[in-house]
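Read through the structure below, which is laid out as structure tokens, and then see the notes.
Lettering follows sequence order; numbering is per chain, from 1. Values below: every heavy atom of this structure, side chains too, minus hydrogens, waters and symmetry copies.
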Amino acid sequence: MSEEKSLNFIEEIISQDLASGKYENILTRFPPEPNGYLHIGHAKSICLNFGLAKRFGGATNLRFDDTNPTKEETEYVDSIKADVKWLGFEWVKECYASDYFDQLYEFAVQLIEKGLAYVDDSTAEQIALQKGTPTVPGTGNEYRDRTVAENLSLFAAMKEGKYNDGEKVLRAKIDLASPNMHMRDPLLYRIKKAHHHRTGDAWCIYPMYDFAHGQSDSIEKITHSICTLEFIPHRALYDWCIEQLAIFPSKQYEFARLNMNYTVMSKRKLLQLVTEGHVSSWDDPRMPTISGMRRRGYTPESIRDFCDRIGIAKRENIIDFSLLEFCVREHLNKIAQRRMVVSNPVKLVITNYDKGEEMLSSENNPEDPTGGVRDVPFSNTLWIERSDFMEEPTKKYFRLGPDLMVRLKSAYIIKCDSFEKDAAGNIETIFASYFPESKSGSDTSGLHVKGTLHWVSAKHAIPVVLNEYDRLFSVEDVAGAEGDFKEYINPNSLTTDTNAWGEPALLNDTQDTRFQFLRKGYFYQDTKSTKEKLVFNRTVTLKDAWAKEQKK
RNA sequence: UGCCUGAUGGUGUAACGGUAGCACAACUGUUUUUGGUGCAGUUUGUCUUGGUUCGAAUCCAGGUCAGGCAACCA
């Protein structure tokens with residue numbers, strides 16, 4: 001299949017580089033900063049980088065871009081590794097920009113020696129001012145003319161810790177009038193007397209992104225360094241550093257990052273949702289994080305399929321959330337175990353059933369002929385969904401109502417004879433009679449019904465809790481909406497249903513079984529679920545044509 | 001009044017000078033013991049104006065629109 005698919009622009013470049021003999025093998029990298037959990041946008045980048053290597057017979061490094069000690073933590077490093085593995089990818093080397101600090105320092109010294117870098121004593125504000133604006137060239141200052149010897153000793157003193165944060169920076173000496181703002185003597189090193197999660201207190205100066213990323217690529221001999229569109233202006237600097245240092249010429253290519261409607265993708269906003277308690281944690285099933293999707297029941301296969309379908313291009317995009325849901329249903333439909341769970345139940349008594357109880361058999365997955373069957377206990381007192389009964393049925397209602405017939409899934413066809421209400425006027429019990437010859441699998445009744453209901457035997461049913469999730473935000477374009485994005489959080493993004501009953505087979509299933517609760521949706525046991533208290537997260541609903549009909 | 005990107009149905013993404021295709025969404029029909037699934041089908045598109053060419057989504061020029069760039073973040 002994927003061989004037939006046409007090449008995206010990056011695959012095009014790679015196949016040319018391979019055909020021309022520029023490279024024998026390609027090496028890509030996935031370079032997250034360990035300052036948060038990975039989200040679906042990272043999944044796109046992961047699938048791209050690892051996928052490219054897989055497709056063209058190369059390899060991929062996992063590199064932590066840990067050059068800002070104040071934001072980064074080991075907790076994030078661990079979660080990132082777990083998420084990449086869970087998605088199904090293996091890196092050939094685990095790297096850290098912080099492992100290159102010595103080398104990077106040497107690179108900086110080389111630049112100083114070539115007269116291409118200088119120590120600047122200006123404040124951040126002064127530097128910003130001196131950089132000019134996109135339409136006005138920047139101006140230099142007296143520090144720009146320091147001698148090589150002076151710069152060398154000042155930079156060494158910076159490293160020694162003789163200055164405080166913000167007192168001095170190392171800058172490249174390029175072109176203060178460049179139309180590209182990033183080339184107007186960019187900062188290379190800043191002083192940060194902060195504890196680093198890996199190097200501890202060994203360093204008090206840290207390289208900026210622009211003086212770490214390209215060099216790290218080069219040190220690892222990355223052939224194709226793929227990043228998102230906002231780094232396009234950085235490419236000139238990326239190339240400049242590599243050229244001045246005369247090191248391995250890694251090349252940077254940019255693609256459009258993933259945007260999705262009804263959610264947010266920025267780490268800053270995701271962090272805010274967690275710290276301010278709008279969601280329970282980074283792996284809250286409503287979060288677009290890999291860990292959240294995993295807990296919700298998404299499969300790695302479906303996420304990879306999604307990343308495949310959205311494609312790689314340079315055009316800005318906003319992908320429909322429903323495409324992700326499509327991919328999840330597509331996979332789950334093939335693998336999920338079918339079970340019956342009834343929520344908001346109403347009692348159904350089958351008045352002419354005098355066998356007491358019997359075991360019926362039901363297929364585990366109609367999509368999978370090898371999926372087998374399971375036993376489901378049947379008796380004269382069942383629970384069915386309250387919404388499957390209508391006292392005064394409308395025309396297109398295929399479910400139960402006075403004098404209406406339906407099939408009970410894997411059991412019998414029944415006919416509603418009467419019903420009783422409680423004092424408050426709610427339906428309390430439905431009375432029906434069944435047709436013994438309509439038994440599932442050996443139906444000789446000749447009866448035809450339009451509706452099939454799921455059910456559980458009241459005395460065999462086990463209580464379950466259902467977490468039903470909806471979109472986290474109620475507007476499509478969350479980032480573009482006016483005001484604080486948190487105002488648009490969907491108040492109904494989580495509904496917990498504690499009045500639900502499942503068939504006993506659920507007790508025999510393992511924690512990581514993927515389920516389809518018939519006519520309700522796909523479900524997956526929550527991390528906090530136990531045999532004593534089963535808790536299921538709804539991964540995604542089934543398509544529901546009746547719900548659509550009702551809206552009309 | 002700078003520089004850099006980009007512009008193809010509702011949403012994405014192909015077509016590399018030669019029939020605008022695919023997926024999702026929507027809608028119709030059909031099958032079905034899940035109003036699920038499957039199957040068949042329908043609807044909807046090349047930002048604009050010129051130019052080159054037998055022929056332009058594609059090449060060229062101008063315009064329009066959208067996004068990005070002036071963190072001691074990555």
- NA contact type, A:Ile413, heavy-atom cut-off 4.0 Å: base, sugar-phosphate, or nothing? nothing
- Message: Quick check on contacts: within residues 360-368 of chain A, what sits under 4.0 Å from RNA chain B by heavy-atom distance?
- Response: A:Pro366, A:Glu367
- Candidates B:G2, B:G35, B:G12 - which lies nearest the side chain of A:Ile318: B:G12
- Message: Has A:Ser218 got a side-chain atom pairing as donor or acceptor with A:Gly214's backbone, closer than 3.5 angstrom?
- Response: no
- Item | Short side-chain to backbone donor-acceptor contact, A:Asn49 and A:Ser45, under 3.5 Å | yes
- Query: Using a cut-off of 4.0 Å on non-hydrogen atoms, how would the nucleic acid contact of A:Lys439 be classed: base, sugar-phosphate, or nothing?
  - Reply: base
- Query: According to the interplanar angle, ranging from 0 to 90°, do the rings of A:Tyr105 and A:Phe155 count as parallel (below 30°), tilted (30 to 60°) or perpendicular (above 60°)?
  - Reply: parallel
- Query: For the residue pair A:Trp282 and A:Lys267, what are the closest heavy atoms and their distance?
  - Reply: CH2-O, 4.2 Å
- Query: Going by heavy atoms closer than 4.0 Å, what residues in residues 251-264 of chain A are next to RNA chain B?
  - Reply: none
- Message: Which heavy atom of A:Gly371 sits nearest to which heavy atom of A:Asn364, and what is that distance?
- Response: O-ND2, 3.1 Å
- Task: Represent RNA chain B in dot-bracket notation, 5' to 3'. Only Watson-Crick or G-U wobble pairs with both distances under 3.5 Å count; pseudoknot-style crossings use [ ] and interstrand partners use |.
- Result: .((((((..((((....[..)))).(((((.......)))))....(((((..]....))))))))))).....
- B/S/- along nucleotides 19-26 of chain B (protein heavy atoms under 4.0 Å) is ----SSSS
- Item | Side-chain donor or acceptor of A:Arg329 paired with backbone N/O of A:Thr541 under 3.5 Å | yes
- Task: Keeping to residues at least two apart or across chains, list the salt bridge (charged side-chain N to carboxylate O under 4.0 Å, His left out) pairs with something in residues 178-194 of chain A.
- Result: A:Arg144-A:Asp185
- Query: How would you label the contact of A:Lys314 with the nucleic acid (heavy atoms, under 4.0 Å): base, sugar-phosphate, or nothing?
  - Reply: sugar-phosphate
- Decide whether a cation-pi geometry holds between A:Arg339 and A:Phe515; the criteria are a distance under 6.0 Å from NZ or CZ to the six-membered ring centre and an angle within 45° of the ring axis. no
- Query: When the ring planes of A:Phe523 and A:Phe536 are compared, do they come out parallel, tilted or perpendicular, using 30° and 60° as the limits?
  - Reply: perpendicular
- With heavy atoms under 4.0 Å as the rule, sort A:Gly451 into base, sugar-phosphate or nothing. nothing
- Which letters describe nucleotides 67-74 of chain B, given B = protein heavy atom under 4.0 Å from base, S = only from sugar-phosphate, - = neither? S-SBSBSB
- Residue pair A:Gln252 / A:Phe231: nearest heavy atoms and the distance that separates them: NE2-O, 3.0 Å
- Message: Assuming nearest nucleotide by heavy-atom distance, tell me which of A:Ala313 and A:Gly441 is located more 5' along RNA chain B.
- Response: A:Ala313
- Message: From C-beta outward on A:Asn333, which listed nucleotide comes closest to its side chain: B:C16, B:A14, B:U37?
- Response: B:U37
